[in-house]
2 protein chains.
Amino acid sequence: MNRQQSKNTPPHARDGDPLQEFYRCRLQMGLRSSCKRSLVVEYFIEKDRHYTVEELYDEVKRVNPKVSLSTVYRTLKLLSDCGLASECNFGDGVIRFEPVHTSQHHDHLICVECGKIIEFRNDLIEKIQEDVAKKYTFSISSHRMVLYGLCDGCQKKKRRK
Amino acid sequence: MNRQQSKNTPPHARDGDPLQEFYRCRLQMGLRSSCKRSLVVEYFIEKDRHYTVEELYDEVKRVNPKVSLSTVYRTLKLLSDCGLASECNFGDGVIRFEPVHTSQHHDHLICVECGKIIEFRNDLIEKIQEDVAKKYTFSISSHRMVLYGLCDGCQKKKRRK
DNA sequence: GTTGCTGCAAATGATTTGCAAGATA
DNA sequence: TATCTTGCAAATCATTTGCAGCAAC
């Protein structure tokens, strides 16, 4: 948690820091502070990766082995409810959670070899939405796009063989 | 099964008809012909919809109530193995199967109100793939795109309220 | 002291599998 | 007859939940 922000920022401050936001939600929802839940929340937000429940559990357990799988499930559910995490489904049968950045919408690029996940933005998507909306008389509100391929590193590895 | 094709088309003929293709696979895999499996296969291919296992089961059961859920699961698995069905995951937690058309790749447009699913094609997607590939040094092999919104009918219904 | 948090074990729900009986080649 | 197909019940797997004990307020 490498932030400079003063500790006594009022809980209603929406400053874009997900942790602050979580504390705000926590108070608003009448939740208590607990070291296990905080560990999960802070770990998840700081690492800023696309975790499966199991992966997050495994890593958090290394820090505090007493954290249970239930707690990880419950905490991720909580974060989703607060709008600070969202489920990602890339169609591989595995559900992942990503921290919700207050920033803009993005899509995903996945390496089919090593599983690396990269977030990207591309404005042409809006053009596609327009085209399709016009053609089918839909009013489009959102989209999900995933590109699959080989990352730089994995391409190089393949070439060496 | 409204086709004009001769019944004795050799099993190796790849004529693009999914049913013929299935019979070919069936022979190749040493499977037997059974009325229940055929019912599931033919119903699935003829209806050409995005079914969940349960939906397909419910409908097939109306035709032949003796078909079991296991058989539907097994048959859809079989069709996937033959490359004649593919799993669709639109991120709503429900897995659907769609018949694989020998035709070109497509993406999906989903009405968030009534659940209607439309397949579409848009060539701008290739441009996006190029852009993103260049930016992240990826070599992209495939993609999935889903647009969510309101279909024509549901927009009208909303307007009437 | 009241109420939230936690781990555990049990429940759930979707899917898969073992097996014995029936069907097809 | 040999082997595939099927329904059923049991197994599996990820996720959720009930509950009793512990912890925060």
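Proteins get letters first, then strands, A, B, ... in listed order; numbering begins at 1 in each.
Between the CD atom of B:Gln28 and the C1' atom of D:dC4 there is a distance of 17 Å, given to the nearest Å. If you take OH of A:Tyr23 and P of D:dC25, they are 13 Å apart, rounded to a whole angstrom. Between A:Leu76 atom CG and D:dT16 atom C1' the separation is 14 Å, expressed in whole Å. Summarising the geometry, the separation between CZ on B:Arg37 and P on D:dT5 is reported as 4 Å, rounded to the nearest angstrom. Straight-line distance from the CE atom of B:Met29 to the P atom of D:dT3: 18 Å, rounded to whole Å. Taking atom CG of B:Leu31 as the reference point, atom C1' of C:dA23 lies 14 Å away to the nearest angstrom. One can place NZ of A:Lys36 at 16 Å from P of D:dG21, the figure rounded to the nearest angstrom. Put simply, NZ on A:Lys66 is 13 Å from C1' on D:dA23, counting in whole angstrom units.
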Nucleotide-resolved protein contact map, nucleotides 16-22 of chain C, B/S/- at heavy-atom distance under 4.0 Å = BBB----
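Residues from residues 50-63 of chain A placing a heavy atom under 4.0 Å of any atom in DNA chain C do not occur.
Donor-acceptor pairing under 3.5 Å is recorded for the side chains of B:Tyr51 and B:Glu59. If you check the side chains of A:Glu98 and A:His106, you find a donor sitting under 3.5 Å from an acceptor. Under the 3.5 Å distance criterion, with hydrogens and angles disregarded, no donor-acceptor pair is assigned to the side chains of B:Glu119 and B:His105.
Environment of NZ in A:Lys135: sparse, with no more than 12 heavy atoms of neighbouring residues, nucleotides or ligands closer than 6.0 Å. Within a 6.0 Å radius of NZ in B:Lys61, more than 12 heavy atoms belonging to other residues, nucleotides or ligands are found.
B:Tyr23 does not carry B:Arg26 over the face of its six-membered ring by the limits of under 6.0 Å from the centre and within 45° of the normal.
The shortest heavy-atom contact between B:Pro99 and B:Phe44 is N-CZ, 3.5 Å.
Taking 4.0 angstrom as the limit, B:Ser34 places a side-chain polar atom (N or O) nearer than this to OP1 or OP2 of D:dT6.
Under the 6.0 Å cut-off for aromatic ring centres, A:His108 and A:Phe90 qualify, their centroids lying closer than that.
Contact check for A:Arg37 versus A:Arg74: no side-chain heavy atoms found under the 4.5 Å cut-off.
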